[in-house]
Structure formats: structure tokens, C-alpha cells
Amino acid sequence: MPVERLPGRHDGRATSDVEEEVRRGVLLTTLDRAVSWARKQSMWPVTFGLACCAIEMMATGAGDYDLSRWGMELFRASPRQADLMIVAGRVSQKMAPVLRTVYDQMPEPKWVISMGVCASAGGMFTNYAIVQGVDTIVPVDVYVPGCPPKPEMLMYGILRLHEKVRTRGRVR
Amino acid sequence: MSARREDRGTVSGGFGATLKGLATVFRQVFRADVTEEYPRRIQPPPPRSHIGRHRLNRHEDGLEKCIGCELCAFACPADAIWVVGADNDPEHPVSPGERYAKDYQINYLRCIMCGMCVEACPTRALTLTSAYEMSFLTREDAILTKDQLLEPPAPLGTAPGTEEG
């Protein structure tokens, strides 16, 4: 059972918190924190561009915005080598089983960013052809709004995910 | 690599081409960076840009400009806006006129920031801002209520998470 890590509460600053940490095991909490830090350092996203959001995702990975500042420029073609899935674009009903297969092929631990309103909730495509939210297929960690999101918006979503990974240890 | 065809096989020709390539790479060291270092240095968005969330405006005397007419909700192509209008209390009016918006919500996982709601608004109550620093951990967080929309958006670079960088 992963420990819920609240920022400020479990930093071990207050005396009572230190005692609680000691009871839980100093070595293991520190190791847990180190593992979370390592996991956030270099997340490799799987190449999963579906529509116009993928153009912004490519722009984010390219030199102007440069995702390699966080070690994330490597969009893996194989889901077996990736640990982050950026669902960029609207997911059609036909694409849904493919998306689930790609997600299942990724090794644990894995995270999902739903980029853009179409992937997050269907966006303006309120119709039968588009899945109304990719979280009906895979568990989503961070939703990024925008149509399409600016590269800064995607980077902000990535930073939120980093914070989540760092502070909460194992997400699932 | 501009070694001539007859030079390619020779040691001197190949070596010269390699040096030339290394010189090209080395020259880039002295060039200025083009990368936008987003969380550390934030490029100010261009004037009149509307790439962020909405804001509900107020009159100078503090009354809300929104009159609850729901024209924005009708104009929205993504069906992201929810308005419930109600009659103003004449003693304590929320907005000038007869009606005001009792409830006002925008779902930012539907909104495509096209600005058609702003065009439709007869009182200029609704405008788009450049506060693009939004991301949500749950779907419920994405629905901004009237209180949140009436607040001016936080300046760029102050949202939680940007200190990570």
C-alpha cells in the first residue's frame, strides 16, 4: 500500500512528523523518496499523437521548447520502453482498443497525460464517433486543457505530473 | 560534408571532411540559445491574445456585468458553459437590470477558447485572458465556478508546480 505523501506534512520538519517517520522506517521512506525522484527525472513518452495536439507535442519536444531539459525528448516508438503516455488528440471509437493495447504494453510504473480537450472530455466533438474522455479507457493522471494546448500548457501539465510523481511516490 | 567524390576514399580527404564537420558543430557553441526556458523565464504573451481561461468582469461600482442571458451558452460550439439566470432582488442587486447569473460554470475540458462566447456577450461581461497555466488532476477540478471566474487570474509563473522547473 503506497504511503500518501502530502507536501509539507511528510517532509519530516515538525517533531511529531519525525517521530512518525521513524516509526515507519527512516531508511525506507528515504529510499521511497529517492525512487520517486529518479522516476520523475527522465520519463520517456510513448509516441501517441492522434490529431492536431500532436503537432504541439512535437513542437514541445523540438528545439524551441526543448523537452530534453527534463530528459523527455525521447519519444519512444515502442511502448515497452516508455513510461509516460501523452494522449494527444481526439480518440475515435476505433482507436480506443489500440490505445488500451499500447497502454497495457507499457511497463509499470506508467503515467498518462490527457492532452487537449478532445482527449480529456471529447471537447467540441460531442458525437458518436469520438470517445468522450480517454479516462474511460485508461487511468489519467493529468488533464491539460486547450485546443490545442500551447507548448507551455503541456509543459505545465508535465510539471504537475512531476510534482505528483515526486510527492506521492507510486501513483497507482 | 563537401569532400569531392575522388577524395572520399583517401585518408586526407576523409579527415578534412571530418574536421569541417567538427568546426561546424563547434561554431554553434558561441551562438545564443533559442530555447524558451518556460518555467524560469516566461515569454509575455502577445497583446490581445486569448489563450487562457475566461474572466467574468464587474462594473466599476462592483456590480457584475453578467445579466444571465445565456447567449454565451448558446454560442458555445463545445457546450462548455452552464448559466442559470435569476431575477435580481431590487434591494440588493447583483447586476444592473432585472436579471443576473445565479450560477455560472465553464468546463475547461470542453472549452476550446474560440471566443465565440465573448462575441455573443451583449454586456462584455465575459472576456478571455492569457492565463494559460491550467492543468487538472481530476475531471471535477476542470469545471470553474462563478466565484473562480470572477477572480482575476493569477499572473503567469505563479501557478503551483512551476517552481519545479
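Order of the sequence lines sets the chain letters (A, B, ...), proteins ahead of strands, with each chain counted from 1.
Nearest approach of A:Met115 to A:Ala88, heavy atoms of both residues: SD-CB, 3.9 Å. Residues B:Lys146 and B:Lys102 come closest through the heavy atom pair CD-O, 4.3 Å. Listed here is the closest heavy atom pair of A:Leu67 and A:Met155: CD2-CG, 4.4 Å.
Criterion: ILVMFWY side-chain heavy atoms under 4.5 Å apart, direct or through other members. Under it, A:Met106 and A:Ile158 are part of a common hydrophobic cluster.
Heavy-atom pairs under 4.5 Å with chain B peak, among A:Leu154, A:Thr126, A:Asp64, A:Ile113, at A:Asp64. Comparing B:Thr138, B:Leu156, B:Asp79, B:Ile42 by heavy-atom pairs within less than 4.5 Å of chain A, the highest count is held by B:Thr138.
For residues 26-36 of chain B, a heavy-atom distance under 4.5 Å to chain A picks out B:Val34, B:Thr35, B:Glu36, given by residue number.
Both the backbone and the side chain of B:Arg139 have a heavy atom closer than 4.5 Å to some heavy atom of chain A. Looking at B:Ala80, there are no atoms closer than 4.5 Å to chain A (heavy atoms on both sides), in backbone or side chain.
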Please list every donor-acceptor pair under 3.5 Å in which a side-chain atom of residues 107-119 of chain B meets a protein atom from a residue at least two apart or in another chain.
from     : atom 1 : to       : atom 2 : distance (Å)
B:Asn107 : OD1    : B:Leu109 : N      : 3.0
B:Tyr108 : OH     : B:His54  : N      : 2.8
B:Tyr108 : OH     : B:His54  : ND1    : 2.7
B:Arg110 : NH1    : A:Ala121 : O      : 3.1
B:Arg110 : NH1    : A:Gly123 : O      : 2.7
B:Arg110 : NH1    : A:Gln132 : OE1    : 3.1
B:Arg110 : NH2    : A:Ala121 : O      : 3.0
B:Arg110 : NH2    : A:Gln132 : OE1    : 2.9

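Remark: side-chain polar atoms of B:Glu133 are paired, donor with acceptor, to backbone N or O of B:Gly157 under 3.5 angstrom.
Side-chain contact, A:Glu56 with A:Tyr65: no donor N or O sits under 3.5 Å from an acceptor N or O.
Shown are A:Cys53, A:Ser120, A:Pro145; of these, the side chain to side chain contact (heavy atoms under 4.5 Å, CB included) with A:Ser114 is made only by A:Ser120.
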